[in-house]
Amino acid sequence: MYQAARPSNETLHETQRPFNSTFSVSAPSEAHDVSVHQFIAPLTWKTVADQRYLCPKRSKDEIMARCGQQQPISFEQALANMEATVERKIGEGVYGEVFLCTKPNGMRSVVKLIPIEGSRLINGEKQKTYEEILSEIIISSELSNLRQQNVQFCTDGFVELRCVSCVIGKYPQRLVELWEDYNNQHGSENDSPKDFSDDQLYIAFETAFGGSDLDGFRFYNAQHAFSIFAQIVLALAVAEKRYDFEHRDLHTGNILIEGTKEPERVYHLLGEEIVIKTHGLRATIIDYTLSRIVYNGLCLYNDLSTDEELFTAEGDYQFEIYRNMKAVLQNRWDLHSPRTNVHWLHYLLDKLKSVRNFREKTSKTHKAGMRMMKQLSDVLLQFNSVHEIVQHYFALEVEESDKENQM
């Protein structure tokens with residue numbers, strides 16, 4: 001669904017689960033380097049239940065163009081185009097399966113397969129339509145492109161999107177076997193893909209391999225954990241100012257961590273270059289199913305206003321964050337409130353402070369890092385955006401020695 005924007009300025013500047021992808025027309029904020037021109041495909045109006053909706057005329061055609069295809073291709077052709085051998089299943093979501101692949105040169109990549117357009121329920125939910133999956137394709141592409149050198153906005157903190165394919169056919173037997181191996185070892189909450197029909201459609205996202213997820217990751221000490229937190233803060237700030245971005249689902253499973261030999265990581269935010277130490281680890285943000293951005297004058301978001309289950313779950317701080325978002329946005333999911341990003345950062349600090357995350361807990365470095373995270377956690381919710389956090393902790397007037405101490 002593509003909803004026409006509300007005319008009020010608050011639409012942009014107010015400072016698994018059923019899926020409802022929505023677009024609205026929006027003017028970019030002053031920080032944007034966005035040209036307001038006609039959307040990727042010609043727009044048309046349609047009326048549903050006495051409401052008017054603005055949408056691309058041909059979502060399927062736009063997806064095919066982004067895939068470099070004229071029509072859906074077979075699994076065999078898609079994997080051949082990727083030059084990838086599927087090794088094992090490494091994860092899953094409400095809407096699809098995630099597999100690890102290798103290239104002939106040894107490089108690893110990840111393929112996420114999402115069934116679309118079918119009548120069969122997938123894990124108890126309706127399959128996404130072309131219109132709904134288009135939003136995730138665009139968001140994934142735009143955030144990946146932030147790694148391109150740009151003096152205004154640049155970060156490689158979002159997972160690199162290598163290609164997107166539209167696939168048709170029976171789920172390959174090899175992938176079914178890998179799904180069953182995963183189910184036997186870890187247990188799966190998803191339905192087996194072996195029952196999909198021979199004419200089932202899928203969208204296949206191939207991304208770079210970003211490591212293991214933050215959930216259960218053990219750091220050497222709190223300094224390393226805070227380095228990961230700082231990387232997430234800066235990546236979010238860049239996207240927040242470039243696209244009015246809100247992730248809206250930044251739990252520990254949507255942050256990947258891997259080792260790196262690069263001593264520093266560089267970000268460009270509103271023309272300022274910010275360099276921080278990695279301490280041997282790099283963080284990557286993934287999964288934009290619930291995310292919101294402004295792209296070429298249109299607001300891409302998911303309407304969660306009728307998702308009662310999401311806001312009534314108990315048992316983890318994560319579920320409280322969903323309720324906090326709902327309150328901040330007044331259950332109007334087209335609105336922009338970067339405070340939703342701040343709530344997720346507070347959740348991440350809460351998780352990172354857990355003592356089970358650290359192998360070394362007695363050094364002065366560890367104790368200083370823990371003290372820093374606790375102090376920041378106490379004041380974090382006073383900020384209204386991630387950009388405000390960066391302005392406060394990464395300000396130009398801060399001495400370099402002080403800045404390093406904060407990291």
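Remember, predicted model here, so these are calculated numbers, not experimental data. Side chains are part of it too, since the values below use all heavy atoms of this structure and drop only hydrogens, waters and symmetry mates.
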Is a donor on one side and an acceptor on the other found under 3.5 Å between the side chain of [X] and the backbone of [Y]?
X	Y	answer
E117	Y130	yes
S354	K351	no
N254	D249	yes
R292	D334	yes
S144	S140	no
K170	K194	yes
Q375	M372	no
E388	N384	yes
S141	I137	no

Side chains of [X] and [Y], heavy atoms from C-beta outward: is any pair under 4.5 Å?
X	Y	result
L178	V86	yes
H387	L270	yes
V390	I274	yes
Y202	I114	no
Y301	L335	no
I321	L250	no
I203	C166	yes
Y267	C154	no

With a cut-off of 6.0 Å (strictly less than), are more than 12 heavy atoms of other residues, nucleotides or ligands near [atom1] of [X]?
X	atom1	value
K367	NZ	no
Q70	CD	no
F209	CZ	yes
R323	CZ	yes
E258	CD	yes

As a quick check of understanding, evaluate salt bridge (charged side-chain N to carboxylate O under 4.0 Å, His left out) for D61 and R66, giving each step before the final call. CA-CA 9 Å; D61 291 349; R66 285 177 172 265; over 6 Å; no
Just by distance, with hydrogens left out, do [X] and [Y] show a side-chain donor and acceptor under 3.5 Å apart?
X	Y	value
T102	E87	yes
N190	S188	no
Q200	Q127	yes
W179	D181	no
T340	E246	yes
R265	Q231	yes
N123	Y95	no
S109	E206	yes

Using the side-chain contact (heavy atoms from CB on, under 4.5 Å) rule, take D287 and V159 through it: C-alpha gap first, then chi angles, then the decisive distance, then the call. CA-CA 9 Å; D287 197 342; V159 68; over 6 Å; no
If you round to the nearest 0.5 Å, how far is [atom2] of [Y] from [atom1] of [X]?
X	Y	atom1	atom2	value
D156	F158	CG	CZ	10.5 Å
W344	D350	CH2	CG	12.0 Å
E320	M325	CD	CE	12.0 Å
R332	S305	CZ	OG	11.5 Å
I139	L290	CD1	CG	9.5 Å
E240	L269	CD	CG	9.0 Å

In sequence, state the C-alpha distance, the side-chain angles, and the governing distance for I133 and I63, and then conclude on side-chain contact (heavy atoms from CB on, under 4.5 Å). CA-CA 9 Å; I133 200 66; I63 288 176; 3.4 Å; yes
Kindly give the heavy-atom pair with the smallest separation between [X] and [Y], and that separation in Å.
X	Y	result
T278	S227	O-OG, 3.0 Å
I122	D191	C-OD2, 4.1 Å
S74	V167	C-CG1, 3.8 Å
G253	I286	O-CD1, 3.9 Å
A283	I232	CB-CG1, 4.1 Å

Could you tell me how the ring of Y393 sits relative to the ring of F383: parallel (under 30°), tilted (30 to 60°) or perpendicular (over 60°)? tilted
Is the ring pair H224/H279 parallel, tilted or perpendicular, if the boundaries are 30 and 60 degrees? tilted
side-chain contact (heavy atoms from CB on, under 4.5 Å) between R248 and W333, intermediate numbers included: CA-CA 10 Å; R248 296 184 173 178; W333 297 85; 3.6 Å; yes
Show your working on ring pair (Phe, Tyr, Trp, His ring centres under 6.0 Å) between H366 and F358 and close with a plain yes or no. CA-CA 9 Å; H366 173 76; F358 307 107; 4.9 Å; yes
Evaluate the side-chain hydrogen bond (donor to acceptor under 3.5 Å, both in side chains) criterion for residues S363 and E360: first the C-alpha distance (whole Å), next the side-chain angles of each, then the deciding distance (0.1 Å), finally the verdict. CA-CA 7 Å; S363 69; E360 189 279 310; 2.7 Å; yes
Ring centre gap for [X] and [Y] strictly below 6.0 Å:
X	Y	answer
Y347	H251	no
Y243	F153	no
F319	F311	no
Y295	F245	no

List the steps and the verdict of side-chain hydrogen bond (donor to acceptor under 3.5 Å, both in side chains) for E180 and N184. CA-CA 6 Å; E180 291 173 345; N184 292 334; over 6 Å; no
side-chain contact (heavy atoms from CB on, under 4.5 Å) assessment of V342 paired with L381: CA-CA 7 Å; V342 178; L381 292 178; 4.2 Å; yes
Can you tell whether the side chains of R282 and E262 come within less than 4.0 Å, N to carboxylate O? yes
Under the criterion salt bridge (charged side-chain N to carboxylate O under 4.0 Å, His left out), which of R88, K89, K112 is the partner of E97? K89
